[in-house]
Protein chains: 2
Amino acid sequence: MGHQTETHVWDEELAPEPRGRTWRPEAGCPVEVALAAVSGRWTTLLLRELMGGPRGFTELRTLFPDLSAKVLSERLRTLRERGLVAVERRRGFPVRTRYELTRAGEALRVLLVELYATGEELLRLTTASETRDERSPGRLEA
Amino acid sequence: MGHQTETHVWDEELAPEPRGRTWRPEAGCPVEVALAAVSGRWTTLLLRELMGGPRGFTELRTLFPDLSAKVLSERLRTLRERGLVAVERRRGFPVRTRYELTRAGEALRVLLVELYATGEELLRLTTASETRDERSPGRLEA
DNA sequence: CGGGATCCTTACGGATACTG
DNA sequence: CAGTATCCGTAAGGATCCCG
């Protein structure tokens with residue numbers, strides 16, 4: 001069976017190149033990469049906070065009282081591993097740590113803004129008129 | 001203790017209004033709403049496909065051979081519950097079903113495009129130069 | 001101060017089999 | 001054709017305690 005890749009018509013906006021033209025969730029697909037970056041509970045909140053500048057561990061704990069130390073350091077480690085956050089440790093006593101976004105981490109700002117905008121749009125569309133089947137009369141192709 | 005909400009300086013772009021100014025993952029936060037919409041394995045792939053027009057159940061199964069019937073119908077049900085997808089059933093034999101995006105579902109297109117763009121950017125920034133600490137000398141506030 | 005180690009519980013995704 | 005029902009393994013998130 002020839003794969004459907006050959007015959008399928010591709011939306012140039014949604015899948016401009018081979019990496020996006022996948023038929024399974026592939027780690028190399030840009031969409032998956034971006035989603036992985038912001039995935040996990042608390043992650044977007046942490047990113048939002050780090051967008052305001054470097055923060056310390058305890059500082060973050062104070063800002064997010066319901067976030068346990070374990071999960072916080074887990075999130076921060078993941079963000080480090082993904083190259084989105086960098087750490088700086090000041091020796092001495094007490095120990096000081098600063099977490100800050102890398103360039104890659106800062107690149108997520110646009111996405112966060114878009115997530116917010118889309119979320120608001122969804123809230124508008126789904127709570128305003130609770131009419132089932134929102135589809136308007138004649139519009140499929142713009 | 002007065003909550004930090006009163007004293008915290010807010011990024012008007014990241015959190016323009018109270019719903020985004022949360023200190024825990026709240027379901028009402030627009031960012032969470034948007035993330036919930038695209039969350040789950042296979043979800044973005046299904047959305048990408050539905051952006052091209054209505055699709056049938058078996059059609060989707062054929063397009064995604066590695067996606068089991070259980071997970072597919074699970075995803076479709078979730079998307080329906082979130083008001084992102086609508087179903088149309090043709091009676092008779094054999095049964096025909098068509099899944100299509102609602103207006104809310106179509107609103108996700110912009111987000112998918114942004115996810116792709118951000119993902120590519122991340123791939124660029126993290127694979128090109130594998131230098132640790134990507135931060136450039138002097139730039140925090142633009 | 002800034003975590004790591006351990007344990008537990010639930011949610012998720014996948015495989016298989018069956019039905020209107 | 002278009003699903004549902006059942007079972008199962010893994011991973012994610014949280015609670016608690018401990019340590020340099």
Side-chain angles (χ1 to χ4, degrees), chain A residues 22-27 29 31-32 35-47 49-50 54-82 84-100, chain B residues 22-27 29 31-32 35-47 49-50 53-82 85-100:
Chain A
T22 173
W23 298 102
R24 315 187 1 157
E26 316 260 19
C29 170
V31 173
E32 303 280 338
L35 275 177
V38 297
S39 78
R41 215 159 130 87
W42 300 97
T43 302
T44 53
L45 291 175
L46 287 173
L47 288 173
E49 213 45 41
L50 291 173
R55 300 281 185 267
F57 189 87
T58 306
E59 188 178 0
L60 289 170
R61 288 226 61 192
T62 310
L63 288 169
F64 303 103
D66 295 347
L67 171 56
S68 78
K70 180 226 173 185
V71 174
L72 174 57
S73 73
E74 211 172 77
R75 287 291 164 273
L76 291 171
R77 180 171 353 106
T78 308
L79 291 171
R80 258 182 288 151
E81 287 167 359
R82 288 174 185 161
L84 303 171
V85 160
V87 204
E88 189 186 349
R89 292 195 175 77
R90 317 267 191 167
R91 319 300 224 82
F93 195 83
V95 185
R96 269 283 158 199
T97 320
R98 276 181 12 146
Y99 290 88
E100 65 177 334
Chain B
T22 172
W23 297 102
R24 314 186 1 156
E26 316 260 20
C29 170
V31 173
E32 302 280 339
L35 275 177
V38 297
S39 78
R41 214 159 130 87
W42 300 97
T43 302
T44 53
L45 291 175
L46 287 173
L47 288 173
E49 212 45 42
L50 291 173
R55 299 282 185 266
F57 188 88
T58 305
E59 188 177 0
L60 289 170
R61 288 224 62 190
T62 310
L63 287 168
F64 303 104
D66 297 346
L67 170 57
S68 77
K70 180 225 173 186
V71 175
L72 174 56
S73 72
E74 209 172 78
R75 287 289 165 274
L76 291 170
R77 179 165 359 104
T78 308
L79 290 172
R80 258 182 288 151
E81 287 168 357
R82 290 176 183 158
V85 160
V87 204
E88 189 185 348
R89 295 196 172 75
R90 316 267 191 166
R91 320 301 225 81
F93 196 86
V95 185
R96 270 282 160 199
T97 319
R98 275 180 15 146
Y99 291 88
E100 66 176 335

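A, B, ... follow the sequence lines: proteins, then strands. Residue 1 opens every chain. Nothing here was measured: the structure is a model prediction, and the numbers come from that model. Values below: all heavy atoms of this structure, side chains included; hydrogens, waters and symmetry mates excluded.
The interatomic distance linking W42(B) (CH2) with dG13(C) (C1') rounds to 11 Å, in whole Å. Between the CG atom of D66(A) and the P atom of dG13(D) there is a distance of 16 Å, given to the nearest Å. Rounded to whole Å, the distance from CZ on F57(A) to C1' on dG2(C) is 6 Å. Look at CZ on R89(B): it is 5 Å from P on dG3(D), rounded to the nearest Å. Taking atom CG of residue L60(A) and atom C1' of nucleotide dC1(C), one finds them 13 Å apart after rounding to whole Å. The distance between atom CZ of R98(A) and atom C1' of dG3(C), rounded to the nearest whole Å, is 19 Å. Distance E88(B) CD to dG3(D) P: 13 Å, rounded to the nearest Å. Protein atom CG of L63(B) is 16 Å distant from nucleotide atom C1' of dA2(D), rounded to whole Å.
At dA2(D), one or more side-chain N or O atoms of T58(B) fall inside 4.0 Å of OP1 or OP2 (strictly under the cut-off). At dT4(D), one or more side-chain N or O atoms of S73(B) fall inside 4.0 Å of OP1 or OP2 (strictly under the cut-off). Using a 4.0 Å cut-off, no side-chain N or O of R61(A) falls inside it from OP1 or OP2 of dG3(C). Applying the 4.0 Å criterion to OP1 and OP2 of dG14(D), one finds that R41(A) has a side-chain N or O inside that range. Between dA12(D) and R75(A), no contact under 4.0 Å exists linking OP1 or OP2 to a side-chain N or O.
Nearest-nucleotide mapping onto DNA chain C: of A69(B) and E74(A), the residue sitting toward the 5' end is E74(A).
Note that CG of L67(A) is 11.0 Å distant from OG1 of T62(A), once rounded to the nearest 0.5 Å.
Heavy atoms of G40(A) sit under 4.0 angstrom from primed sugar atoms or phosphate atoms, though from no base atom. Backbone-only engagement by R77(A) is indicated by non-hydrogen atom pairs under 4.0 Å involving sugar-phosphate atoms exclusively. Among the protein residues, T97(B) comes within range of the sugar-phosphate backbone only, with heavy atoms under 4.0 Å from sugar or phosphate atoms but none that close to a base.
In this structure, of dG20(C), dG14(D), dG2(C), it is dG14(D) that holds the atom nearest to the side chain of V71(A). Candidate nucleotides dA2(D), dA15(D), dT6(D) were compared by shortest atom distance to the side chain of K70(B), and dT6(D) ranks first.
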L47(A) and L79(A): CA distance, side-chain angles, deciding distance, side chain to side chain contact (heavy atoms under 4.5 Å, CB included) verdict: CA-CA 9 Å; L47(A) 288 173; L79(A) 291 171; 4.3 Å; yes

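Ring-plane geometry between F64(A) and W42(A) is classed as perpendicular, the angle between the planes exceeding 60 degrees on a 0 to 90 degree scale with a lower cut at 30.
At distances below 3.5 Å, at least one donor-acceptor pair connects side-chain atoms of R82(A) with backbone N or O atoms of A36(A).
Nearest heavy-atom pair across R98(B) and R90(B) is CD-NH2, 4.0 Å.
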